[in-house]
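Notes follow the structure.
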Protein chains: 4
Amino acid sequence: MQAKSTGRTVTETARRAQIIDAAIRVIADVGLARATFTRIARSAGLSSTGLISYHFADRAELLDATVERVLADFSAFVLARPDDGSARGALIAFCESNVDFMGAHPDHMSVLMQVRADLAGDADLRRRDTRELAELLRRGRSEGVFGEIDPMLTAGFILSMRDGLIRDIGQSADVPACRRAYVAATLSIVEGK
Amino acid sequence: MQAKSTGRTVTETARRAQIIDAAIRVIADVGLARATFTRIARSAGLSSTGLISYHFADRAELLDATVERVLADFSAFVLARPDDGSARGALIAFCESNVDFMGAHPDHMSVLMQVRADLAGDADLRRRDTRELAELLRRGRSEGVFGEIDPMLTAGFILSMRDGLIRDIGQSADVPACRRAYVAATLSIVEGK
Amino acid sequence: MQAKSTGRTVTETARRAQIIDAAIRVIADVGLARATFTRIARSAGLSSTGLISYHFADRAELLDATVERVLADFSAFVLARPDDGSARGALIAFCESNVDFMGAHPDHMSVLMQVRADLAGDADLRRRDTRELAELLRRGRSEGVFGEIDPMLTAGFILSMRDGLIRDIGQSADVPACRRAYVAATLSIVEGK
Amino acid sequence: MQAKSTGRTVTETARRAQIIDAAIRVIADVGLARATFTRIARSAGLSSTGLISYHFADRAELLDATVERVLADFSAFVLARPDDGSARGALIAFCESNVDFMGAHPDHMSVLMQVRADLAGDADLRRRDTRELAELLRRGRSEGVFGEIDPMLTAGFILSMRDGLIRDIGQSADVPACRRAYVAATLSIVEGK
DNA sequence: AATGAATGAGGGTTCATTCAT
DNA sequence: AATGAATGAACCCTCATTCAT
């Protein structure tokens, strides 16, 4: 495995990671609107907010990088899950890994929700996710295991239910119960009544 | 029916409404964080932000009043819908009226989502909605028409799907198709597979 | 007795008095800096701050009129006190009537202190008072009952001691004791040791 | 002697001092109510009021620091004066050093008077000063050199006379004459007639 | 004479960003 | 690469004052 060539030194990469970690903590903790450079710098143990500006062009770039980081962590988590190759199995794996990730990294999901609601490029990102999931649903339909559903709309539902769970799980709800219910609801939808 | 006695003059009420209208537009347009008094005043055609402060004690009161207004419009809309009294009928009516309201007032729903995420009393409000819907689901189970679902979690799913639709419908998706799919998905979940 | 010809109607005069009364109450209550037109109008039972602006050219005129009113009340109070004609008697009468006035009208004195500290014309007003009292002291010296004192500086001391008493008497100190001590201190000073 | 450990850098300390100096000038010049950040920044030669907020949490902290500074300067001045240990000598030293300090730093005393009148802890500060001086007077009574005076009330008189002198000395009166008269008046009072 | 509404200058404060070192 | 200091635009809010009715 090889690092992407970003033209960054090791030190620079480490500092960015340190700042992004702090940003995640702070955003999850006090909310995006109150996640100022001052608070992030303090949480990261930096001596000046100037250092953040030094490593990121502006606030938008920091938030972009933060979201990128969260998504990367999320992808790594999901990809680690075994998948039996069927559309139904993949869908269940998707649901379960999502819930498990939330349970393991509540801050990440909190950040994702908050930054997305404030980001310009959000719609694109969301649409890409939806399209990917819709593709899976189409496969399921062609395999004959799913009912006559609208792939895009249904994918949206599945993602929305997941987003809603973030709140509940953030309040330390019963994770296994959430996972079971989420999988059951998803299967009910895709298989039709 | 009698208007609530607020001790406000006609002019005052009209101005407040005008400002709240502008607030709704601006929040839906640029997001809550960028919905400054300056932007709201400009959108409302006011000569200065001072007029907003004149009619609302502070930013929080304006946002409260805005949410209150959105909820009132929403309630009026939903209550106008006939209901056959059964749990299943009520649930369908809930889903359909929600989608229809979004189609008619996309800005309202956008505001609701955003302000709630930033408001102190948010969790309570959300929880109350969830509880009410959960109660309906329980009734359906006791009527024997719904499956073995967790009422609270399922209510959360139904509300989350609705929230997700706001985005899509805001981008002028096919409202009737959304309504059909939303109702179908909801019924699939509550009736079990 | 005849009213000064101010060109004001009866109603106008009454309104001004009403506003000035409220100003005195509010200034004594919350302090000059927080004595806004809004608070004064509310205390006066007026429906709008516009009415204050209607009757007074600007804030400075209201404060000027308020001080003028306080001083008039004070003069009337002091003049009502019998005076044996001697410089010593007049000085004692001055001291005693000052303390008595404070006890009877603490708000008036509070206003006087606060507004003076903020008023442009204060120095003049103060100097005039000092000069008058100094004149009395000179008379006492020529009568041979006072010692070799500097009239202006001594007059300043006597007035300063009075000003200081306002604070104490405002906190409901023992008024008769204050009066005795004030007279005694004043006599000590003017008669030399 | 060692500097208090405030955790401030040299630059920061210097800037704070510069701002405090400007605050003293402005307050003495235009009065506390008109001593805005804008005026203080201009007087200090700063580019914006933001720099004041950068160095002081808020207006209250600036005023607190300003009073603290004035009191520190005053204490240093008074402590430098030799004292023969007797109550009478201490009282004379108190009077003289006060007048001398006013002559040397008229702005300081003006600030003290104005800020105190607006500060929360004012009453306490004033009362403490009065009590200290009253203690000295009690000592003088027990040494048999002072007459039958009320210590607290008399201490109040002595302080009030001093406060009154600030005005006169601010207008460049004859300082030595003021000092002589102040000492004479004070001794007259405490020794009885 | 009086009112309620509107105005706009100015207040303190926050914060991302810049810059000299 | 990093720091602390400085900047200035923007924010919400207050308030005396103006104005149409």
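Every chain is numbered from 1, with letters handed out A, B, ... down the list of sequences. Since this is a predicted model, take the numbers as computed values, not measurements. These values consider heavy atoms only, across backbone and side chains, with no hydrogens, waters or symmetry-generated copies.
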### Message
Need to verify one output field. Residue with the more 5' nearest nucleotide on DNA chain E, B:G50 or B:T9?
### Response
B:T9

Rounded to whole Å, please give me the gap between [atom1] in [X] and [atom2] in [N].
X     : N      : atom1 : atom2 : result
C:R39 : F:dT14 : CZ    : C1'   : 10 Å
C:L46 : E:dG4  : CG    : P     : 10 Å
B:F56 : F:dC11 : CZ    : C1'   : 18 Å
A:E61 : E:dT17 : CD    : P     : 10 Å
D:I40 : E:dG10 : CD1   : C1'   : 15 Å
A:Y54 : E:dT18 : OH    : P     : 14 Å
B:Q18 : E:dA5  : CD    : C1'   : 12 Å
A:I52 : E:dC19 : CD1   : P     : 18 Å

### Query
What's the spacing between C:Y54 OH and C:T49 OG1 if we round to 0.5 Å?
15.0 Å

If you check the [X] side chain, which of [options] turns out closest?
X     : options                : answer
B:D58 : F:dC13, F:dA1, F:dC11  : F:dC13
B:T36 : F:dA16, E:dA6, F:dC12  : F:dC12
A:T11 : F:dG4, F:dA2, F:dC15   : F:dA2
A:S48 : E:dT13, F:dC15, F:dT3  : F:dT3
D:L51 : F:dT7, F:dA2, E:dA5    : F:dT7
C:R59 : F:dC12, E:dG11, F:dA16 : F:dA16

Could you tell me whether [X] contacts a base, only the sugar-phosphate backbone, or nothing, with contacts defined as non-hydrogen atoms closer than 4.0 Å?
X     : result
A:S47 : sugar-phosphate
D:T49 : base
C:F37 : base

### Message
Using a 3.5 Å distance criterion without hydrogens, assess whether the side chain of A:R42 forms a donor-acceptor pair with backbone atoms of A:T38.
### Response
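Not at all, since once roles are kept as given, no pair shorter than 3.5 Å links the two residues.
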
### Task
Examine distances only and state if a side-chain atom of B:S43 and a backbone atom of B:R39 form a donor-acceptor pair shorter than 3.5 Å.
no

### Message
Taking A:R59 first and then A:D64, would you say they form a salt bridge - that is, a charged N and a carboxylate O separated by under 4.0 Å?
### Response
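Salt bridge flag = no for A:D64 with A:R59.
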
### Message
For D:R69, is there an ion pair with D:D73 - N to carboxylate O distance below 4.0 angstrom?
### Response
yes

### Query
More 5' along DNA chain F: C:A35 or D:V10, using each one's nearest nucleotide?
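First, find each residue's nearest nucleotide; the 5'-ward one identifies D:V10.
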
### Message
Partner lookup for F:dA1, please. Criteria are Watson-Crick or G-U wobble with both distances under 3.5 angstrom; report none if nothing qualifies.
### Response
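Base partner found: none.
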
### Summary
For F:dA9, the nucleotide meeting Watson-Crick or G-U wobble distances (both under 3.5 Å) is E:dT14

### Task
Would you tell me if any nitrogen or oxygen in the side chain of C:H55 comes within less than 4.0 Å of OP1 or OP2 on E:dA1?
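Negative; the distance criterion is not met.
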
### Query
Quick one: is B:R15 getting a side-chain N or O under 4.0 Å of the E:dA6 phosphate, OP1 or OP2?
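Indeed, a polar side-chain atom of B:R15 lies that close.
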
### Query
With respect to B:H55, which candidate in B:E61, B:R16, B:Q18, B:E12 satisfies the side-chain hydrogen bond (donor to acceptor under 3.5 Å, both in side chains) definition?
B:E12

